Amino acid sequence: MQDLFDTLAISRRNLLQGGAGLVFSLGVSQGGWVFAQDAAKPPKAYGADSMPGGTVDDPLAFVGIALDGAVIIVAHRAEMGTGVRTSLPMVVADEMEARWERVKVVQAQANEARYGNQNVDGSRSMRHFLAPMRRVGAAVRQMLEAAAAARWGVPVEEVKAVQHEVIHTPSGKRLGFGLLAIDAAKQPVPRGDALRLKSAADFRYMGKGQIAAVDLVDIGRGKALYGQDMRLPGMVYAVVARPQVLGARLRSYKSDHVKQMPGVKKVLELPGYKGAPMFQPLGGVAVVASNTWAAMQGRKALELNWDEGENASYDSVQYRKLLEKAASSPGKLVRKNGDLDSAVKAAGDRKRVVGDYYIPHLAHASMEPPAATALVAEDKSRCEIWTSVQDPETAKKLVASFLGLTPEQVTVNVLLMGGAFGRKSKPDFAVEAALIAQSMPGTPVKLVWTREDDIQHDFYHAVSAERLEAVLGRDGMPITWLHRSAAPTIGSLFQLGAKGQSSMEMAMSAINMPYQIPHVRIETGEVAAHTRIGWFRSVYNIPHAFAAQCFIAELAHRAGRDHKRYALDLIGPARKINPADLGDDWNYSESPTLYPYDTGRLRAVIEAATRGARWGRRMPKGHGLGLAFCYSFMSYSAVVVEVAVDAKGGIKLVAVDTALDCGPQINPERIRAQMEGGVIMGLSLAMSSEISFEKGRVRQSNFHDYVVLRHAEQPGVIRCHLVGNSLEVPPGGVGEPPLPAVAPAFANAIFAATGKRIRALPIQSLS
């Protein structure tokens, strides 16, 4: 199987060079790397410049033009349903005046030195790469124009690229991109002031919503290649028996009988992780077989003896009590304005409002569980990985460190992801595949996670208890605001014993509240983690926004006010706030000058969502409208949910109106898709999804007990309202912002319909 490496390499070279003669391209270089635990350090720069790899806008890295005029554009960020594999190449094609039907998109391998940051976490793809990709496209257009002008001997001002041709305006002469490719590649790359970007009025693709996803047909026909679809000649299949309790160590195991089972080829112990979990494999025993079924049967027959360790006592019922105690007690201070204690003492208990809220652990539960295929050379000098991963550079570095190789000796090929939501940026599964393949050099090994593996060995969204307290003034508006949040921190992945949320985690809809309240205190309880805590779509915005948005609705009710009107008065007039003035020195790593907290934009999405839902209309009996809103990942969102509750407490989702201001709307069709997906996911976590622990073990195992919203339960209609769309503001995120406001809007709608407050999730019925 050693020659498989050479065969694969030749086939990749053919793709990049092209039978038609791909000439507009450049070589590859390698660069530096920052480990994940360094991410908590204060960034030296803002935005993309604070990320490993930064940005790259070299057109020779991203664009190839064949002699027949075909244009290849590299998608350097991975596709998991957001449309980034279409949207960023579309930006390039628009600026370079390429005809979209003549564009082929190819997926980049892990190589941040060549392409810039490739981690598709944090809703950063368009936020960080809209401007660089526009520059790439504009540079290619100008290089083609310069090449044509030189060939004709005319001033470059007389030529213009128009839809895959360069035209000499006075004479009408024209040349196709393919005929100019060789000369254009020799032109200097225009930089800085020499670049001429299009005006929005001249966009052909950006903002139009008319470009279908590049993989849409293949996905519909079952031809698209996901991690679970990978096949190589001579491939074997592996599954791993992992510890059910985090940190458990394997005392002993018996496998002789397993090795005799049909199809089983190898049984291999994988060592447990050392120190903090990070993205290390959990350890356990791998069974390798000629097919997945044989490997799974072999795993089932293993006899394993574990030392389960201190986390074997982890119990969700008891831990909730600990969280609630922490949330009701003074914690670490992260924001303070005014003198809250004196204001509370002066007001007395009569005007004091208290709300306690709870959200359980959540699993990512993407439709495609993790999978990775690895091939280690027979001399163990190289490793190649094929996998669905959000952060290919981290996967490359981590695999290299576990195999004792340099990053240059590892190749990571990025496949489509059948969902991810943050899970697949943690490449423990790629390392498992590589370790097994290293024990079988020359043989491709495909590691498969089952649904049960995925549910029970996830990096879970943090369980959380939240307490809100406020004192209302004579006008019914709060004069004090106390928010205590108790949840395990993601920092526990990278530091043993880490307790309590960081300022970054608390800056997600807890610290950075813009309300006009004179006395404010925000605190976090320092509680330990007993399972792997990881980022999940919208991260800590979920519990913080759920608590705060439900509490605001309750304050409005106590004041006898309409919720929408009360919320707008609480936000106050349109103004731009420096996030640091709210105690937020993180601001999603973006510049506070470029990205102030704009309350005018927040007000606008509230108005759009409520207008779409016809807020204030007379509701049928048992029906209710609920509102919630959120600022996250540099975008502004609002949601109105309409529910109908029958006499037995059954809940029907009638309609959802969701509004989003993400700044420039580059691909409106995909923005709406993300909004719709956020609604469904938000309703799932509100109504039915929950991960719980007993004796250190996850109680749920598949979709029968980790329940997501079924088709028959979904809202009758979801209306998406896009607000803003101005190039005068920098782009915000889209993947995560639609989610946080959904659950509190749903809870507030139930109160409007029934008078029953929802303070703990999930809730399946009111009976």
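We number each residue from 1, following the sequence as shown. These values consider heavy atoms only, across backbone and side chains, with no hydrogens, waters or symmetry-generated copies. Here the structure is a predicted model, which is why all the values come from computation and not from measurement.
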Is a side-chain N or O of [X] found less than 3.5 angstrom from the main chain of [Y], in a donor-acceptor match?
X: Ser502; Y: Glu505; answer: yes
X: Asp657; Y: His721; answer: no
X: Glu95; Y: Leu197; answer: no
X: Ser684; Y: Leu709; answer: yes
X: His361; Y: His461; answer: yes
X: Arg603; Y: Gly572; answer: yes
X: Ser388; Y: Pro370; answer: no
X: Asn117; Y: Pro52; answer: yes
X: Arg127; Y: Met634; answer: no
X: Glu112; Y: Gln118; answer: yes

Nearest heavy atoms of [X] and [Y], plus distance in Å:
X: Glu736; Y: Ser538; answer: OE2-N, 3.1 Å
X: Phe459; Y: Met278; answer: CE2-O, 3.4 Å
X: Pro668; Y: Leu722; answer: CB-CD1, 4.1 Å
X: Val120; Y: Met417; answer: CG2-CE, 4.4 Å
X: Ser366; Y: Ala420; answer: CB-N, 3.7 Å
X: Thr86; Y: Ala212; answer: CG2-O, 3.7 Å

Is it the case that the ring center of His76 lies less than 6.0 angstrom away from the ring center of Phe129?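 They qualify: ring centres under 6.0 Å apart.
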Compute the ring centroids of Tyr46 and Tyr588, then answer whether they are less than 6.0 Å apart.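 Tyr46 vs Tyr588: aromatic centres not under 6.0 Å.
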Aromatic rings Phe551 and Tyr357: how do their planes relate, parallel, tilted or perpendicular, breaks at 30° and 60°?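 Perpendicular, since the angle between the ring planes exceeds 60°.
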So, taking the atom named [atom1] in [X] and the one named [atom2] in [Y], what distance separates them when rounded to the nearest 0.5 Å?
X: Tyr566; Y: Leu555; atom1: OH; atom2: CG; result: 4.5 Å
X: Arg672; Y: Leu660; atom1: CZ; atom2: CG; result: 11.0 Å
X: Cys630; Y: Met513; atom1: SG; atom2: CE; result: 13.0 Å
X: Asp598; Y: Leu602; atom1: CG; atom2: CG; result: 9.0 Å
X: Phe429; Y: Thr387; atom1: CZ; atom2: OG1; result: 4.5 Å
X: Asp584; Y: Met504; atom1: CG; atom2: CE; result: 11.0 Å

Report the C-alpha separation of Met80 and Lys424 in whole Å, then their side-chain angles, then the decisive distance to 0.1 Å, and conclude whether the side-chain contact (heavy atoms from CB on, under 4.5 Å) test is met. CA-CA 10 Å; Met80 58 181 177; Lys424 292 174 184 171; over 6 Å; no
side-chain contact (heavy atoms from CB on, under 4.5 Å) between Phe494 and Phe279: does it pass, once the steps are laid out? CA-CA 9 Å; Phe494 309 110; Phe279 305 147; 3.9 Å; yes
Can Asn748 and Gln549 be counted as having a side-chain donor-acceptor contact under 3.5 angstrom?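 Their side chains do not contain a donor-acceptor pair, so the 3.5 Å distance test is not met.
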Do we see a donor-acceptor contact under 3.5 Å between the side chains of Ser485 and His544?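 Looking only at side-chain atoms, His544 and Ser485 do form a donor-acceptor pair, the distance falling under 3.5 Å.
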Charged N-O contact under 4.0 Å between [X] and [Y]:
X: Asp428; Y: Arg532; result: yes
X: Asp581; Y: Lys576; result: no
X: Glu669; Y: Lys208; result: no

Test item: [X] and [Y] side chains (from C-beta on) under 4.5 Å apart, heavy atoms:
X: Ile359; Y: Phe546; answer: yes
X: Met126; Y: Asn667; answer: no
X: Tyr358; Y: Val463; answer: yes
X: Val639; Y: Val656; answer: yes
X: Asp458; Y: Ile691; answer: no
X: Ile577; Y: Asn512; answer: no
X: Arg77; Y: His128; answer: no
X: Met681; Y: Phe536; answer: yes

side-chain contact (heavy atoms from CB on, under 4.5 Å), that's the test. Do Lys198 and Met206 meet it? Break it down for me. CA-CA 11 Å; Lys198 283 185 174 183; Met206 288 186 275; 5.7 Å; no
Sole residue of Val679, Ile763, Leu685 in side-chain contact (heavy atoms from CB on, under 4.5 Å) with Phe746: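 Of the listed residues Val679, Ile763, Leu685, the side-chain contact (heavy atoms from CB on, under 4.5 Å) partner of Phe746 is Ile763.
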Tell me if the NZ atom of Lys499 is crowded by more than 12 foreign heavy atoms within 6.0 Å.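 Counting other residues, nucleotides and ligands, NZ of Lys499 stays at 12 neighbours or fewer.
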So Trp586 and Met508, side-chain contact (heavy atoms from CB on, under 4.5 Å) or not? Walk me through it. CA-CA 10 Å; Trp586 175 53; Met508 299 182 188; 3.5 Å; yes
